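Encoded as structure tokens, the structure appears first; notes follow it.
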Amino acid sequence: MSDRTTPPMHALPDGEAELALVIRLPWEDVARLGQEAGRLAAQMQRPVTLDEAVSHRLRSARVPAAHARPEQPASASVASLPRMSGSA
């Protein structure tokens with residue numbers, strides 16, 4: 001069991017939601033996220049965390065909200081999520 005007291009999801013003032021999760025990644029993917037964070041930091045002229053790099057990567061490949069399109073099987077919506085190359 002985890003001692004974390006942060007709820008897994010909460011609403012943000014800007015109308016978005018923040019979802020807390022733990023994922024296991026191979027070191028190669030962590031390195032790619034570090035490279036992404038470095039590129040983003042150079043572009044934004046400030047330090048960038050891996051969390052921000054992941055959020056930016058997901059936002060840049062954003063698909064329309066599920067409620068805004070006809071129903072699809074769950075496997076179809078999962079398949080449309082962006083994948084990092086080299087991950088299984």
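No experiment lies behind these values; they were computed from the predicted model shown.
- If you take CG on Leu40 and CZ on Arg57, they are separated by 11.5 Å, rounding to the nearest 0.5 Å.
- Legend: residues meeting side chain to side chain contact (heavy atoms under 4.5 Å, CB included) with Gln35, ordered by chain and number and at least two apart, are Arg32, Arg39.
- Partners of Arg24 according to the side chain to side chain donor-acceptor pair (under 3.5 Å) rule, which considers only residues two or more places apart in sequence or in another chain, do not exist here.
- Here the straight-line distance linking atom OG of Ser60 with atom CD of Glu36 works out to 7.0 Å at 0.5 Å rounding.
- Summarising the geometry, atom CD belonging to Glu18 is positioned 11.0 Å from atom CE belonging to Met9; distances are rounded to the nearest 0.5 Å.
- Looking only at side-chain heavy atoms (C-beta outward), Leu25 and Leu33 come within less than 4.5 Å of each other.
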Given side-chain contact (heavy atoms from CB on, under 4.5 Å), test Arg59 with Glu16 step by step and report yes or no. CA-CA 12 Å; Arg59 287 172 191 266; Glu16 295 185 347; 2.6 Å; yes
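- Look at Glu52 and Arg46 and you find a salt bridge, because one of the NZ, NE, NH1 or NH2 atoms lies within 4.0 Å of a carboxylate O, short of that distance.
- Note: the hydrophobic cluster containing Leu58 also contains Leu19 (ILVMFWY, side chain heavy atoms under 4.5 Å, direct or indirect links).
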